[in-house]
**Student:** 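Just dropping this structure here.
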Protein chains: 2
Amino acid sequence: MNDKRRRLEDVAQASVQRAGLKSLSFRTLADEIGIKSSSVHYHFPEKSDLASALIQRYQEDFREQLDAISARRWNVKRKLAAFIAIFEQVADGERVCLCGMMAAECESLSPDNRRLLSGFFDDMESWIADLLCVNADSINAPVSTRQLAKVIVSGLEGALLLDRVAGSKANLKAQKDLILSLLK
Amino acid sequence: MNDKRRRLEDVAQASVQRAGLKSLSFRTLADEIGIKSSSVHYHFPEKSDLASALIQRYQEDFREQLDAISARRWNVKRKLAAFIAIFEQVADGERVCLCGMMAAECESLSPDNRRLLSGFFDDMESWIADLLCVNADSINAPVSTRQLAKVIVSGLEGALLLDRVAGSKANLKAQKDLILSLLK
DNA sequence: GTCTATATACAGATAGAC
DNA sequence: GTCTATCTGTATATAGAC
């Protein structure tokens with residue numbers, strides 16, 4: 001069934017967002033589903049195959065959320081707030097971004113998966129840059145929209161990681177406040 | 001000898017800054033020094049002892065660099081640029097911050113080490129906040145100095161992690177440009 | 001302080017039966 | 001698709017000789 005595959009991805013994603021890809025084993029993943037590790041290998045021959053699937057579906061899910069924001073008749077500031085809210089939801093679940101976690105583990109990723117990961121951040125950055133670009137006159141910062149998009153993405157990813165260490169949401173809130181203050 | 005212990009820490013730190021604590025084994029660490037893994041256990045009984053030592057010495061080293069900046073007769077903006085230069089040096093070495101890496105791995109850290117890690121970021125944040133506080137009138141942002149300090153720390157940490165994925169330094173540069181633009 | 005040797009556990013992955 | 005069984009490699013950690 002394709003349902004099993006999706007359940008495996010669900011559990012694996014939650015695990016990676018909590019403890020990272022290195023900490024996820026086919027054995028514990030199988031245990032949580034109620035099958036054997038060899039059966040997991042049927043769905044994902046190698047661990048890198050599972051990683052690829054996780055990155056791609058995370059990106060697709062993220063893209064859907066961005067499209068939903070784009071479809072709204074909101075001003076730039078409100079759209080950006082909705083974008084930040086995606087990260088706040090992740091923080092509420094005591095998780096970090098799947099790709100932010102994998103970024104820390106990128107040394108042990110296959111070249112293919114590193115490219116997928118890079119594409120995820122490029123996509124997010126482009127979406128923000130496009131959003132900022134159409135209303136460039138309402139930006140209170142002396143940097144390019146592309147640069148500001150980079151600051152926002154890396155800032156939010158860093159905030160998620162650091163907030164977990166202290167068990168707070170102060171970094172994410174600080175990022176949110178500053179980012180929104182840069183827009184009129 | 002105490003020299004061996006320091007050599008072990010040097011190699012271990014480089015390894016963690018490249019691939020993370022999980023990827024570091026006593027065996028490979030021992031191999032690089034030219035001893036056996038059981039000898040590494042003599043210096044650091046458990047892996048968590050090694051982790052503690054790494055965090056503490058990294059924090060002390062960082063603190064020295066901050067003190068050196070504090071001692072200069074520079075304006076706030078130049079001191080902040082010097083602070084950011086510490087991160088640029090890390091990026092130049094194709095590394096990430098030791099504590100930024102461990103922040104991603106915090107789920108598998110002992111409570112003690114999580115506290116040490118939290119203290120590292122608090123320290124850095126306080127240093128920036130103090131720096132900004134004395135010249136609060138030269139800040140172009142409508143957020144508190146404490147919040148701005150959080151934005152700077154999490155932003156730079158996130159930039160180091162994301163830049164490694166694409167193999168660039170664009171995120172760090174964007175963070176630098178924006179941060180410095182917030183000061184008159 | 002470092003060694004050999006070993007205990008124990010777990011990792012990714014595969015073969016072949018059902 | 002899932003299982004049992006197994007191969008192979010590696011991990012942390014310890015005991016005890018030198």
Side-chain angles (χ1 to χ4, degrees), chain A residues 1-55 57 98 101-102 104-114 116, chain B residues 1-55 101-102 104-114 116:
Chain A
M1 348 167 180
N2 218 345
D3 172 61
K4 266 281 168 59
R5 188 186 161 100
R6 215 193 59 242
R7 278 180 60 207
L8 281 166
E9 288 172 350
D10 286 341
V11 173
Q13 179 180 326
S15 178
V16 172
Q17 287 190 263
R18 194 178 44 81
L21 187 65
K22 267 243 156 62
S23 295
L24 173 66
S25 79
F26 275 39
R27 272 165 162 62
T28 59
L29 176 55
D31 286 347
E32 287 197 70
I33 302 288
I35 58 176
K36 294 295 173 181
S37 70
S38 54
S39 301
V40 179
H41 279 284
Y42 168 80
H43 297 280
F44 306 98
E46 298 183 22
K47 200 175 183 182
S48 60
D49 297 314
L50 173 58
S52 300
L54 291 181
I55 298 171
R57 87 174 202 147
L98 178 103
M101 180 64 87
M102 285 197 183
E105 300 178 292
C106 93
E107 184 75 21
S108 60
L109 293 180
S110 69
D112 275 357
N113 282 333
R114 213 179 292 201
L116 285 177
Chain B
M1 345 163 180
N2 219 346
D3 171 61
K4 266 280 168 61
R5 188 185 161 98
R6 216 193 59 241
R7 278 179 61 204
L8 281 166
E9 289 173 348
D10 286 342
V11 173
Q13 178 180 328
S15 177
V16 172
Q17 287 190 264
R18 193 177 45 80
L21 186 65
K22 267 242 156 64
S23 295
L24 173 66
S25 80
F26 275 37
R27 272 170 165 54
T28 58
L29 176 56
D31 285 348
E32 287 197 68
I33 301 289
I35 58 176
K36 293 295 171 181
S37 70
S38 54
S39 301
V40 179
H41 280 283
Y42 168 81
H43 296 281
F44 306 97
E46 298 182 21
K47 199 175 182 180
S48 60
D49 298 313
L50 174 58
S52 300
L54 290 181
I55 298 171
M101 180 64 87
M102 285 196 182
E105 299 178 293
C106 93
E107 184 75 22
S108 61
L109 292 180
S110 71
D112 275 358
N113 281 333
R114 215 178 292 201
L116 285 177

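Order of the sequence lines sets the chain letters (A, B, ...), proteins ahead of strands, with each chain counted from 1.
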**Student:** Starting at atom OH of A/Y42, determine the distance to atom P of D/dG1, rounded to an integer number of angstrom.
**Tutor:** 4 Å
**Student:** Under the rule for salt bridge (Lys or Arg N to Asp or Glu O under 4.0 Å), what residues qualify as partners of B/R27, not counting sequence neighbours?
**Tutor:** none
**Student:** Go through the structure and list residues passing side chain to side chain contact (heavy atoms under 4.5 Å, CB included) with A/A12, not counting sequence neighbours.
**Tutor:**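 So A/A12 forms a side chain to side chain contact (heavy atoms under 4.5 Å, CB included) with A/L24, A/L29, A/L50, A/L54.
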**Student:** First locate atom CG of A/L98, then atom CD of A/Q17, and finally report the distance between them rounded to the nearest 0.5 Å.
**Tutor:**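 Atom-to-atom, A/L98:CG and A/Q17:CD are 5.5 Å apart.
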**Student:** For B/D112, which residues count as a side-chain hydrogen bond (donor to acceptor under 3.5 Å, both in side chains) partner, sequence neighbours excluded?
**Tutor:** B/R115
**Student:** Check side chain to side chain contact (heavy atoms under 4.5 Å, CB included) between A/S39 and all other residues, then give those that pass, not counting sequence neighbours.
**Tutor:**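 A/S39: side chain to side chain contact (heavy atoms under 4.5 Å, CB included) contacts with A/I35, A/K36.
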**Student:** How does protein contact run along nucleotides 5-12 of chain D, one letter per nucleotide 5' to 3', with B for base contact, S for sugar-phosphate only, - for none, heavy atoms under 4.0 Å?
**Tutor:** ------BB
**Student:** Taking five pairs at each end, how big is the angle between the two axes of the helix from C/dG1-D/dC18 to C/dC18-D/dG1, to 10°?
**Tutor:**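 One end axis against the other gives 0°.
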**Student:** Quickly work out the A/H43 NE2 to D/dC3 C1' distance and round it to whole Å.
**Tutor:**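 Going from A/H43 (NE2) to D/dC3 (C1'), I get 12 Å.
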**Student:** Holding to side-chain hydrogen bond (donor to acceptor under 3.5 Å, both in side chains), I want the full list of residues that pass it with A/S37, two or more places apart in sequence or in another chain.
**Tutor:**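 Counting only residues at least two positions away or on another chain, A/S37 forms no side-chain hydrogen bond (donor to acceptor under 3.5 Å, both in side chains).
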**Student:** Report the residues that fulfil side-chain hydrogen bond (donor to acceptor under 3.5 Å, both in side chains) with B/S48, sequence neighbours left out, ordered by chain and then residue number.
**Tutor:**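 B/S48 satisfies side-chain hydrogen bond (donor to acceptor under 3.5 Å, both in side chains) with no residue once adjacent residues are dropped.
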**Student:** How would you list, by chain and number, every residue that makes a side-chain hydrogen bond (donor to acceptor under 3.5 Å, both in side chains) with A/E32, sequence neighbours excluded?
**Tutor:**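 Testing A/E32 for side-chain hydrogen bond (donor to acceptor under 3.5 Å, both in side chains), a comparison that skips the adjacent residues, returns none.
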**Student:** How would you list all residue pairs meeting ring pair (Phe, Tyr, Trp, His ring centres under 6.0 Å) that involve residues 17-46 of chain A, not counting sequence neighbours?
**Tutor:** A/F26-A/H41
**Student:** Taking CG from A/L50 and C1' from C/dA13, how many angstroms apart are they, rounded to a whole number?
**Tutor:**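 That distance rounds to 14 Å.
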**Student:** Sorted by first residue and then second, give each salt bridge (Lys or Arg N to Asp or Glu O under 4.0 Å) pair with at least one member in residues 8-23 of chain B; sequence neighbours left out.
**Tutor:**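 Found A/E107-B/R18, B/R5-B/E9, B/E9-B/R57, B/D10-B/R57.
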**Student:** List in numerical order all residues of residues 2-20 of chain A for which some heavy atom is under 4.0 Å away from an atom belonging to DNA chain C.
**Tutor:** none
